[in-house]
Every structure is written in C-alpha cells, then in structure tokens.
Amino acid sequence: MGKLSGKTAIITGASRGIGQAIAELFAAEGANVVCAARTVNEGDHLLEGSLANTVKRIQDAGGNAIAVAANVSSEADCSNLVEEAIDTFGRVDVLVNNAALNYYVPVIDYDINRWMRAFAVNVHGPFMLSRLVLPGMVERRAGAIVNVSSGAAIGPGRGPYTTKGRGGTMYGASKAALERFTQGLAQEVAEYDIAVSCYSPSQVVPTPGTVYHNLVESLDDPRGEPPEIMAQAALLLATEAPERVNGRVTYSQQILQEFGWIENAKGRGVDSAGSGYSQI
C-alpha cells in the first residue's frame with residue numbers, strides 16, 4: 001500500500017520538470033493522477049516535455065494517470081480540469097498547484113498583457129482550482145492542497161544595491177502572494193482537517209525551464225537539487241497529518257529533514273533564512 005493508495009491527485013504543470021516528478025512519484029505511491037498542463041504532445045512547446053510523455057511513463061511503470069490540457073489562468077479550463085478528474089475518478093483528494101509562468105523582464109519593459117497572464121497563472125490559477133476542489137474536501141473533512149512557491153518570493157531587501165536585478169520582480173511578487181494566500185486559506189479550512197501548505201526548492205532545480213533561463217547549466221548540473229527532492233517534499237505535505245503541516249510555508253530539504261525523510265539537508269531554509277511567511 002502506497003501513501004496515496006485510493007487517492008486522486010491533480011498536478012498542474014505536469015508536462016516536465018518538478019510537476020512531472022511529482023506526478024510520477026504520486027502515481028508510484030498509488031494515486032490516480034490527473035496530469036494537467038498546456039503542452040499535450042512533444043513539439044507543442046519549445047521546451048522538452050509533454051503530458052503525453054508523463055502519462056506514458058506513469059502507465060509504463062504500472063501507475064494510473066490521465067492527461068487534461070489546461071491553462072490554469074482560464075476559469076473555464078480550471079472548471080473542466082476538476083470536472084474531468086471527478087468524472088474519471090470520482091473525487092479529488094490532493095491538489096498540487098505547480099504550474100508557473102514568468103518572463104525575466106525589468107518592470108519598465110514588462111508588457112502589461114504578459115504581466116497579467118503570468119500573475120493569473122501563478123496566483124489566480126491556484127485560487128480558482130482550490131475553490132473548485134474544496135467543496136468535496138470540506139464534505140469529506142479531508143484533503144490536501146500543496147502550492148509550489150520559489151525563492152524569488154524573498155526580495156532583495158532594502159538598498160543601497162550593489163547588483164542589478166535580473167528581471168524577476170513580477171515572479172517574486174506573485175510567489176509572495178501565493179505564500180500569503182496559502183496561510184490565509186489554511187486558516188479558513190483548518191476546521192475541516194484540510195492541509196494547505198506551500199514550499200519552495202532549497203536549491204535551484206535543474207529543469208528544462210531553469211536551463212532555458214540560464215539558472216543552471218544543464219539537467220545534471222551538480223549544483224542543483226534533483227526534481228525528485230521536490231517530489232518527495234510534495235508527498236510529505238500531501239500525506240502528513242493536517243495539524244502537522246497546515247499553514248506551513250517551507251523549503252524542500254528543510255521539511256524533509258525536519259520530518260526525518262532525509263538526513264543531510266542544505267540550501268534555503270537550512271543554510272539561509274527563508275521568506276517572511278516561512279518564519280511565521
């Protein structure tokens with residue numbers, strides 16, 4: 001029996017990187033996994049990875065998964081995603097809001113439509129999907145919502161500044177909003193034994209996206225944190241008792257070490273402080 005046997009989980013951004021790793025681990029732990037993203041087939045996006053590939057890997061390993069094309073900034077797509085999950089598997093027990101969008105552009109040059117689109121994916125999507133899955137969780141008095149944040153939520157602090165920003169202001173602002181949303185929602189649903197949590201990588205995770213943005217050199221960059229670490233942290237937050245994780249804003253290696261899932265942790269949350277919300 002896996003930690004998620006008999007459970008159904010929606011994973012957004014499951015076509016590659018962290019989302020793919022979470023989907024595969026959750027399936028290996030017995031979950032029915034609903035993989036959601038915009039990229040359905042290889043070649044639909046400039047980056048490698050697709051829902052078709054993720055679902056095939058899960059099914060080839062003996063797991064159970066379906067693919068649902070969804071742009072989480074769209075209310076209609078969010079509604080369809082949850083409806084597909086319930087129609088296929090009867091319920092949603094876990095929601096992992098992993099999908100994210102960013103353009104590394106200084107504010108003065110940021111196209112307004114791009115700003116709105118990215119904020120919609122990073123903040124409005126998690127809100128809409130949470131709102132859609134919560135009625136069933138409240139009725140059953142059980143469930144977990146795991147939001148994926150970023151170290152970008154930690155701002156540069158006050159000046160004077162000796163280095164220029166990399167154009168990550170929008171992404172950081174949206175992730176800080178996600179962390180505040182997490183704790184507010186966690187308080188609202190605490191009485192129903194639903195766990196709402198948020199976590200970030202302790203180190204940069206090598207993915208097609210982080211390689212593309214030159215945050216790491218390659219998918220096997222030894223300075224990075226393997227996507228599997230992020231998947232393990234998501235599993236922990238989705239399966240631990242609500243009273244132990246509800247409202248937590250944390251970091252992958254920090255939470256895994258705290259709960260005894262790994263021994264040697266490093267990076268943000270361990271060697272350096274996290275965001276203000278992680279301190280509350």
Side-chain angles (χ1 to χ4, degrees), residues 1-14 18-19 22-23 25-27 29-36 68 70 72 75 78-79 81-99 122-149 175 177-200 230-252 254-256 258-259 261 275 277-278 280:
M1 294 288 290
K3 290 181 177 293
L4 289 168
S5 291
K7 305 289 188 181
T8 296
I10 293 176
I11 317 295
T12 68
I18 293 169
I22 294 172
L25 178 60
F26 277 30
E29 289 289 340
N32 301 311
V33 180
V34 181
C35 301
V68 179
V72 300
E75 181 181 0
C78 287
S79 295
L81 170 58
V82 175
E83 288 173 5
E84 287 280 340
I86 294 174
D87 287 347
T88 305
F89 299 117
R91 56 197 278 173
V92 177
D93 301 285
V94 180
L95 167 65
V96 180
N97 288 307
N98 167 71
N122 300 347
V123 181
H124 301 163
F127 153 68
M128 290 188 288
L129 288 171
S130 296
R131 184 175 180 273
L132 288 162
V133 302
L134 277 171
M137 293 181 178
V138 168
E139 182 180 355
R140 293 187 297 274
R141 302 187 71 88
I145 297 173
V146 181
N147 298 318
V148 180
S149 186
K175 290 301 186 179
L178 183 65
E179 294 184 2
R180 173 61 178 87
F181 169 74
T182 295
Q183 291 185 328
L185 180 59
Q187 182 184 37
E188 291 180 8
V189 301
E191 64 180 295
Y192 304 108
D193 294 325
I194 298 167
V196 184
S197 60
C198 186
Y199 78 116
S200 304
M230 284 292 285
Q232 285 285 339
L235 179 65
L236 185 156
L237 292 168
T239 57
E240 284 289 343
E243 62 269 19
R244 302 189 71 191
V245 297
N246 191 36
R248 286 294 300 268
V249 174
T250 186
Y251 297 86
S252 54
Q254 176 190 24
I255 195 74
L256 288 170
E258 178 183 333
F259 280 75
W261 287 34
S275 74
Y277 291 109
S278 74
I280 301 172

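None of the values given here were measured: they were computed from a predicted structure.
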Report the distance from atom [atom1] of [X] to atom [atom2] of [Y], rounding to the nearest 0.5 Å.
| X | Y | atom1 | atom2 | value |
| --- | --- | --- | --- | --- |
| Lys175 | Glu179 | NZ | CD | 9.0 Å |
| Ile280 | Ser275 | CD1 | OG | 8.0 Å |
| Ile194 | Leu95 | CD1 | CG | 11.5 Å |
| Asn32 | Phe26 | CG | CZ | 13.0 Å |
| Arg180 | Ser149 | CZ | OG | 14.0 Å |
| Trp261 | Leu236 | CH2 | CG | 4.5 Å |

[Y] and [X], any side-chain heavy atoms less than 4.5 Å apart:
| X | Y | answer |
| --- | --- | --- |
| Met230 | Ile22 | no |
| Tyr277 | Cys198 | no |
| Cys78 | Val72 | yes |
| Ile11 | Cys35 | no |
| Gln183 | Val249 | yes |
| Arg248 | Tyr199 | no |
| Leu129 | Ile145 | no |
| Leu81 | Leu132 | no |

Where [X] and [Y] come nearest, the two heavy atoms and their spacing:
| X | Y | result |
| --- | --- | --- |
| Ile10 | Ala85 | CD1-CB, 3.9 Å |
| Ala234 | Val146 | O-CG2, 4.3 Å |
| Ala99 | Gly13 | CB-N, 3.7 Å |
| Ala70 | Ala36 | CB-CB, 4.4 Å |
| Phe127 | Phe181 | CA-CZ, 3.7 Å |
| Ala27 | Val33 | N-CG2, 3.6 Å |

For the pair [X] (side chain) and [Y] (backbone), establish whether a donor and an acceptor sit closer than 3.5 Å, ignoring hydrogens and angles.
| X | Y | value |
| --- | --- | --- |
| Asn246 | Val196 | yes |
| Glu29 | Leu4 | no |
| Arg91 | Met137 | no |

More than 12 heavy atoms of other groups within 6.0 Å of Arg140 CZ =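 Atom CZ in Arg140 is packed in, count exceeds 12.
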With sequence neighbours excluded, residues passing side chain to side chain contact (heavy atoms under 4.5 Å, CB included) with Asn98 |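 With sequence neighbours excluded, Asn98 shows a side chain to side chain contact (heavy atoms under 4.5 Å, CB included) to Thr12, Ile18, Val96, Val148, given in chain and number order.
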